[in-house]
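In what follows, chains are A, B, ... by sequence order, proteins preceding strands, each numbered from 1. Just so we're clear, the structure is a prediction, and the values are computed from it rather than from any experiment.
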There are 2 protein chains.
Amino acid sequence: MTVQRVSRSSRSTAFKEVRSRLRSRGLRWTPQRRALIDVLSATDGHVTGAELVELCRDRDPETTPSTVYRTLEVLEEIGLVKHSHGRDGRQEFHIAPASEHGHAICENCGEVRELSEGDVAGLVGSLGKRGFAVDLSHLTVGGLCPRCGNSGVPLA
Amino acid sequence: MTVQRVSRSSRSTAFKEVRSRLRSRGLRWTPQRRALIDVLSATDGHVTGAELVELCRDRDPETTPSTVYRTLEVLEEIGLVKHSHGRDGRQEFHIAPASEHGHAICENCGEVRELSEGDVAGLVGSLGKRGFAVDLSHLTVGGLCPRCGNSGVPLA
DNA sequence: GAGCTTGCTGCAAGAGGTTGCATTAGCATC
DNA sequence: GATGCTAATGCAACCTCTTGCAGCAAGCTC
Ligand SMILES: [Mn+2]
Ligand SMILES: [Mn+2]
Ligand SMILES: [Zn+2]
Ligand SMILES: [Zn+2]
């Protein structure tokens, strides 16, 4: 009971924040956007665009993909989500993480691990010296994880 | 004249090499594969899958996308090409490079630069210590190049 | 609450790529 | 040169997005 009350109130707080961030840019608060934000707030980790479309359809079967994808763009502009690209290049979304980070993806089993600052410091510094400003959420590296390294036949 | 004769002969040598590499695996030498290899041998740098389909269609308007993409997979298995993923995650192909390498892509202007061993040494080492074997051709990092860093509005 | 502006939605079409399946055609053998 | 095994092709359908456009509706104003 108490738990539920807390989670409900924290969610509606999150809604108000997003709503005002949209409104301050002249953007609108619509049922479709509310539904997507609701879905996003209930997910952990990485979700693909197609998965988000499905999750929205669970609430409202009328959901249109183009609206979802366009809303995701808007939410990324206001900093609520970040996307990266999984193997095959599919989009994956995070609820805006405390810190941006890159990803390492196993090409055999699909396991995703987040990269630490230390992991990427060399690359960021090296490119930085040449004037290239790295966008951490678009730093993706494929390879084979420890479990797949000896046995697996690489896929992607 | 001399130049042309040399380039023709070096190309047909390349054909024979690929042909025998295919045959030794029980794979076949078809007109469609020959056309694609011909197209690939005439390209420099990075080409997208869709571009290759178009280039093949220039030679043979009957060209089917699925055949091209499947042939690219085969050519990658025998080591003739390597693919990586550009911004938006689209596939890009290289004629098998002397050394594998990662890519940095400007999210504003699309410029691609190849990463040196030094650029990625830290990341490869750091992941390596945790048992993750990096596939260099699937190392892509987005960001803003020197020209776009101050002015441009990021796209992808 | 009615009107108005303009952002948003839904639809249809299209781009890039993948997959299952029936048919075709390499190529090894005779 | 004909036969047969099986790999490769072409087709249709599908997946993940993306884009243009006409109509709809959020939300400001009076
Ligand atoms: Mn790939
Ligand atoms: Mn992207
Ligand atoms: Zn793995
Ligand atoms: Zn640039």
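We find that A:R113 and A:D119 are not joined by a salt bridge, their nearest charged nitrogen and carboxylate oxygen being 4.0 Å or further apart. In this structure, B:R70 does not pair ionically with B:E73, as no charged nitrogen and carboxylate oxygen lie closer than 4.0 Å.
Protein atom CZ of A:R23 is 16 Å distant from nucleotide atom P of C:dT6, rounded to whole Å. When rounded to the nearest whole Å, the span between OH of A:Y69 and P of C:dG16 equals 17 Å. Between the P atom of D:dT18 and the CD atom of A:E73 lies a distance of 7 Å, rounded to the nearest Å. Atom pair A:L72:CG and C:dC8:C1' shows a separation of 15 Å (rounding to whole Å applied). Put simply, CZ on A:R33 is 11 Å from P on C:dG10, counting in whole angstrom units. If you measure from atom CZ of A:R90 to atom P of C:dT18, you get 10 Å, rounded to the nearest angstrom. Rounded to an integer number of Å, the gap from CD of A:E92 to C1' of D:dC17 is 15 Å. Separating the CG atom of B:L22 from the P atom of D:dT9 is a distance of 10 Å, rounded to the nearest angstrom.
A 4.5 Å side-chain heavy-atom check between A:H83 and A:L72 finds every atom pair outside the cut-off.
Residue A:R70 places a side-chain atom within donor-acceptor reach of the base of D:dG20, judged by atom type and a 3.5 Å distance cut-off alone. If you check distances only, the side chain of A:S66 never reaches the base of D:dC17 with a donor-acceptor pair under 3.5 Å.
Looking at which nucleotide of DNA chain D each of B:D60 and B:G26 is closest to, the 5′-most match is held by B:G26. Of the two residues near DNA chain C, B:L27 and B:P65, the one whose nearest nucleotide lies more 5' is B:P65.
Side-chain N/O atoms of A:Q32 include one lying less than 4.0 angstrom from OP1 or OP2 on C:dG10. Neither OP1 nor OP2 of D:dT9 sits under 4.0 Å from any side-chain N or O of B:T64. Within the structure, every side-chain polar atom (N or O) of B:T67 is placed at least 4.0 Å from both OP1 and OP2 of D:dA8. At the phosphate of D:dT9, OP1 or OP2 sits under 4.0 Å from a side-chain N or O atom of B:T30. Look at A:R28 and you won't find any side-chain N or O under 4.0 angstrom from OP1 or OP2 of D:dA25.
Among D:dT9, C:dG26, C:dG7, the nucleotide with an atom closest to any side-chain atom of B:P31 is C:dG26.
Within 4.0 Å (heavy atoms only), B:E62 reaches no atom of the nucleic acid at all.
For A:D58, the CG atom is densely surrounded, since the number of other residues' heavy atoms within 6.0 Å is greater than 12.
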Margin query: Please determine whether side-chain contact (heavy atoms from CB on, under 4.5 Å) holds for the pair A:L52 and A:L40, giving the CA-CA distance in whole Å, both sets of side-chain angles, and the decisive distance to 0.1 Å.
Written below: CA-CA 8 Å; A:L52 288 170; A:L40 282 167; 3.8 Å; yes
